> 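Okay, handing you the structure first.
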Amino acid sequence: MRAPRPNELRDAWAGELTAARAGEPVRVAGWVHRRRDHGGLIFVDLRDRSGLVQLVFHPESAPDAHAAAERLRPEHVVSAAGKVVLREAGNVNPHMATGEIEIDVTDVEALAESATPPFPVDEDGPVDETLRLRHRVLDLRRQGMHGAVVLRHQVIRAMRDYLNAHDFLDIETPILTRSTPEGARDFLVPSRMNQGSFYALPQSPQLFKQLLMMAGFERYYQIARCFRDEDLRADRQPEFTQLDIEMSFIAEDDLIDVIEGLLARVFEETGFPLTQPPPWPRLTYDEAMLRYGSDKPDVRFGLDLQDLGDALAGTEFKVFAGVLAGGGVVRGLNAGAREVPRSELDALTEHVRRFGAGGLVWAFVQDDGTWRSPTAKFLTDAQRDEVTRRLSGTPGDLLLIVADKEMVAATALGELRLELARRFDLIPPGRHDAVWVVDFPMFEWSETDGRWTAVHHPFTAPTGDFADPAAMRSRGYDIALDGVEIGGGSIRISRPEVQQQVFNLLGISEAEAEARFGFLLDALRYGAPPHGGIAFGIDRVVAVIAGRESIRDVMAFPKTASGWDPLTGAPAPVDDAQLTELGLRVTVPVTR
Ligand code: ASP
């Protein structure tokens, strides 16, 4: 860090004092990280943003400072002045950046006291998350969280630097707006001046960034807050941050090129060791689902899925025959040579059931090529051998097979693959892989709604024939890093009649389209350039780089999984007077 402007509180950063400063007078300021009273000498590790430095208080040479130090407790705030001195050889702490020196304190000023913290701040041990969120200020002082917030800044700075250098313009878009369909529920904000009407918080700046392309800005980015009212899972938050990007007069390769440069820069600046430099592999959606059972494949380990349908054609085994006759699939994977007890096979079966599969067929390949498996007796030798061959099975290998509707079998096996990697530690340490997934289906039939829905969003450019929506593909692309979807985008529709066709197929009538998206259709009618873009979940990118499971650990002030903020107590009921002003009445019991 740049040296602080000297004032009465400090003239140096604690964490940056080295042996080169020995003999110099310095003044540092910060928090009491730890205090050790050795009967005579008192040692205090002082913490500021830059790190730690050891202060020493001598009872004889500095009796006032020593007396003051006796009253110091963890998290008190102090300013201390003294001389930088070299530690004796035996006292050098190689684990501390400033471990070669200490400050011989002559003057200390207590600036604030601290109540006893509800959990230790000087260590990163596990603490109940609600307690951490409730006392987020203290939690953020802890080294792990502090580091994550700093890392987040470095990631965003690298993104900005790269995009600024590539002629992108940083343009803000509204927070109070109308619904942008990204597939989630909107958060609504009631309007006082137009009672009965509501703003929607943006699920993304999607439509605005497209309008900016139509307005001629060519290259846009924004670190944008997005709001989606979804049931939360581990990697979701009701508000999250995207790096949002849009470009004009481009096709897929142009965008992918820029983005690979951008991410390579982010990884380089944060010291994240990606195993392969760009260009990164591109898998089609179909390949990804077939081989990995996921549209965000983790390609750091094997265990590829194989289709076994042909091998089992004509089987009399009822489970397989029924599924195949009903248009389903039989797929499997080779879990490798492992001793897996019955209880663990049951747990794996339970795992695929959680993802909708009816069951899991397991088989151990024996030395003579036969199977040890409850299913063995239902297959002919030829079928069994062919399945073993397809799965490259050798003696000792455990083969795992699922028969179900295609999507169910793919997803269940994809999840099983991840579970096996976790259980058997199959991910090589230090390996990190990015992969693009392209050629997504454009539409998906929703059984619940009885209509087509857009797989990406309705502004994504389609390819194929509207007469056969199931076969249509989109010009969308996603990028997965270590099996986490970190970004996604598409080339957009730039012709109004195509946009209208997509709306029609989604069951949005012309009148409704005009009412909801008239501004977009209108802009499309005045000459829209070919354009496309992408958005990255910054929280996820930072979490992967930081090696954190939860995006809450890389956000300064996140909410719990139930959307609650233990720090501020949001969401909270409001006064009747506020409701009246808004023309609203609450008709349900207040739940929080
Ligand atoms: N708006 C999209 C999203 O939030 C990203 C994009 O298409 O650029 O997922």
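Atoms within a ligand are numbered from 1 in the order they appear, just like the ligands themselves. All figures in this text were calculated on a predicted structure; none of them were measured in a lab.
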> What residue and heavy atom of the protein are closest to atom 9 (O) of ligand 1, and at what distance?
E182 OE1, 3.7 Å

> Distance to the ring centre below 6.0 angstrom and angle to the axis at most 45 degrees; does that hold for R540 and F240?
no

> Can you find a non-hydrogen atom of H456 under 4.0 Å from ligand 1?
yes

> Less than 3.5 Å between some nitrogen or oxygen of S490 and one of ligand 1, yes or no?
no

> Say whether H457, considering both its backbone and side-chain N or O atoms, lies within less than 3.5 Å of an N or O atom on ligand 1.
yes

> Can you check salt bridge (Lys or Arg N to Asp or Glu O under 4.0 Å) on E239 and K559, steps first, answer last?
CA-CA 9 Å; E239 55 179 305; K559 295 175 180 59; 3.0 Å; yes

> Has E514 got a side-chain atom pairing as donor or acceptor with A511's backbone, closer than 3.5 angstrom?
no

> Any idea which atoms of ligand 1 are less than 4.0 Å away from a heavy-atom of K209?
6 (C), 8 (O)

> Just go through E485, Q206, Q242, E246 and tell me whose heavy atom is the nearest to atom 6 (C) of ligand 1.
Q206

> Given salt bridge (Lys or Arg N to Asp or Glu O under 4.0 Å), test K296 with D478 step by step and report yes or no.
CA-CA 8 Å; K296 43 178 194 308; D478 276 4; over 6 Å; no

> List ligand 1 atoms under 4.0 Å from R228, heavy atoms only on the residue side.
3 (C), 4 (O)

> Taking only heavy atoms of I534, which atoms of ligand 1 are found under 4.0 Å from at least one of them?
8 (O)

> Rounded at 0.5 Å granularity, tell me how far OG1 in T270 sits from CZ in R265.
11.5 Å

> Indicate whether any N or O donor in one side chain lies under 3.5 Å from an N or O acceptor in the other, for D433 and Q276.
no

> Just let me know how S204 lines up against ligand 1, side chain, backbone, both or neither, with a heavy-atom cut-off below 4.0 Å.
side chain

> Have a look at D139 and tell me which of R142, R141, H135 forms a side chain to side chain contact (heavy atoms under 4.5 Å, CB included) with it.
R142

> Could you list which atoms of ligand 1 come closer than 4.0 Å to a heavy atom of R492?
6 (C), 7 (O), 8 (O)

> Kindly compute the distance separating CG (L212) from CG (L169), expressed to the nearest 0.5 Å.
9.0 Å

> Considering only heavy atoms, does Q210 approach ligand 1 within less than 4.0 Å through its side chain, its backbone, both, or neither?
neither

> In ligand 1, which numbered atoms sit nearer than 4.0 Å to a non-hydrogen atom of G488?
5 (C), 6 (C), 8 (O)

